[in-house]
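Only heavy atoms go into these numbers, but all of them, side chains included; no hydrogens, no water, no symmetry mates.
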Amino acid sequence: MDQRSREGDRYRSRALHRGYTAAWVLLGLGPPVVAVWDQSAATRYSSLALLATLGVSYGIVQVFPGNPVLRPPAYLGVLALGLGGMSYLLGGGAALFIATLPQFWLLARGPRNAVAVSGAAAALTVAGGALRHGLVTGNALFTVLGYAVGVGLGLLVHRILDENAARTDRLRAELAATQRRLTEAHQRQGAADERERMAREIHDTLAQGFASIVVLAEAARAGLATAPDRAARQLLSIEQTARENLAEARVLVGSAPPSGTVAGSIAQTLRRTLDRFAEDTGLAVDADLPDLACDQPTRIALLRCTQESLANVRKHAGATTVGVVLARRPDGIDLEITDDGRGFTVATSQGFGLEGMRKRLAELGGELVVTSSPGEGTRVLATIPTNGQG
């Protein structure tokens, strides 16, 4: 239960007690005051003193419930004796007893105590009247009936309150369990998202680098005897790729700043990547790379899309020429990568790389469009909104 609900419950409880107190003073204590006004002085003063004692005692218990002198159980004993005394002085006290009945249920320690103490008060009320007018009187009958009805209503209210409390406890437990499951689900989803992000980063960086190292190593080994100069360049490229992979690995494990993955402008970064690609593969690369300004996440996304596309060209396309065009639109940046290779059927492609590119661009509000068909080459278009940058 939150703070606002608890404050609301306390406010309603105080309002209920104030309302009952006013009703008890007017309907419980008021009529006996009027009734004793024309009695003898001894009866009048005794009755007024007794009523004042009951009223003051009730006020003390309500205002100072934790006082060490008059705690609720002691007050209920005083109240029962007072009701018996008023019944004796007035010759009957059924009305005052009935008006006072709720106090036994509000202040007693549980329903059993309420039944016992209110029963004692009823017996004292009947006995007080019997001393003046005998046992069989209307006041005695109404006192007994009032006690019986009070017990029935009191037990019913307690049962309803207990059921409501149990229902509240169940709802609170269910809410706590739901919140716990929701937190666990968020944690699992966060872990899954992080695993997917790490898998994408490893695929786009380390895996591509290792694949390049394998291809270069095979080519260098084959050309050691026939083309030693070319093999030396390939070995140098292997060393550079390994160093880059080491730097990427340090970024992934958090021992280097992420900004180390992309240095300089996006044009410079892509140009270095394309130069390495052309040197390693011997393919012709036609690039149009204007110097555009963009933020770090955009530079990384464009670089990863370029690396993945070039890796696909190297592994699958069988192309002779690759074209790369970087362009700014009014609301974003376009990166187009084309090749004249064998192409493929886009609808049946299930590659992790393409899906990784799509998700990476989607995180920035961009999209990836791949156009290809067998024998017609491939066109990859990445678009990223710039949100007013540059």
Side-chain angles (χ1 to χ4, degrees), residues 9-10 12-33 35-36 46-132 135 139-162 164-165:
D9 289 344
R10 285 195 293 267
R12 287 189 291 270
S13 178
R14 287 194 297 267
L16 177 63
H17 280 86
R18 284 195 296 267
Y20 169 73
T21 299
W24 183 62
V25 171
L26 292 176
L27 303 178
L29 302 183
V33 171
V36 301
S46 299
S47 299
L48 293 177
L50 189 52
L51 292 172
T53 300
L54 295 180
V56 171
S57 299
Y58 181 68
I60 291 174
V61 171
Q62 287 297 308
V63 177
F64 307 105
N67 75 88
V69 177
L70 189 64
R71 295 187 177 276
Y75 164 73
L76 292 179
V78 172
L79 182 60
L81 293 173
L83 291 175
M86 286 303 302
S87 179
Y88 172 76
L89 292 171
L90 297 178
L96 179 58
F97 170 78
I98 292 173
T100 308
L101 264 177
Q103 295 185 31
F104 295 102
W105 294 91
L106 291 172
L107 300 177
R109 295 176 178 175
R112 289 186 179 180
N113 285 339
V115 171
V117 178
S118 61
L124 289 172
T125 301
V126 172
L131 292 176
R132 298 288 296 271
L135 183 61
N139 262 284
L141 177 60
F142 281 112
T143 299
V144 173
L145 289 176
Y147 169 70
V149 172
V151 169
L153 290 176
L155 293 175
L156 177 62
V157 169
H158 266 277
R159 179 179 178 181
I160 293 173
L161 292 176
D162 289 344
N164 287 339

Q.
Test your reading of the model: is there a side-chain donor-acceptor pair from Tyr147 to the backbone of Val115, 3.5 Å cut-off?
A.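 Looks like yes, one N/O pair under 3.5 Å.
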Q) Would you say the side-chain atoms of Ser87 pair up with the backbone N or O of Leu83, donor to acceptor, closer than 3.5 Å? A)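 Not a single qualifying donor-acceptor pair exists.
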At what distance, to the nearest 0.5 angstrom, does [atom1] of [X] lie from [atom2] of [Y]?
X      : Y      : atom1 : atom2 : result
Leu161 : Leu156 : CG    : CG    : 9.5 Å
Ile160 : Leu153 : CD1   : CG    : 9.5 Å
Trp24  : Leu29  : CH2   : CG    : 4.0 Å
Met86  : Thr100 : CE    : OG1   : 10.0 Å

Closest approach of [X] to [Y] (non-hydrogen atoms, all atoms of both residues):
X      : Y      : value
Ile98  : Pro102 : O-CD, 3.9 Å
Leu70  : Ser57  : CD2-CB, 3.7 Å
Gln62  : Leu107 : NE2-CD2, 4.1 Å
Leu26  : Pro31  : O-CD, 3.3 Å
Ala114 : Phe104 : CB-O, 3.5 Å
Leu54  : Gly82  : CD2-CA, 4.1 Å

Using a 4.5 Å cut-off on heavy atoms from C-beta on, say whether the side chain of [Y] contacts that of [X].
X      : Y      : answer
Leu101 : Ser118 : yes
Val69  : Phe64  : no
Leu89  : Val36  : no
Leu155 : Trp105 : yes

Residues, nucleotides or ligands: over 12 heavy atoms within 6.0 Å of [X] [atom1]:
X      : atom1 : result
Tyr58  : OH    : yes
Tyr20  : OH    : yes
Arg109 : CZ    : no

Q) Could you go step by step and tell me if Leu90 and Leu96 meet the side chain to side chain contact (heavy atoms under 4.5 Å, CB included) rule? A) CA-CA 11 Å; Leu90 297 178; Leu96 179 58; over 6 Å; no
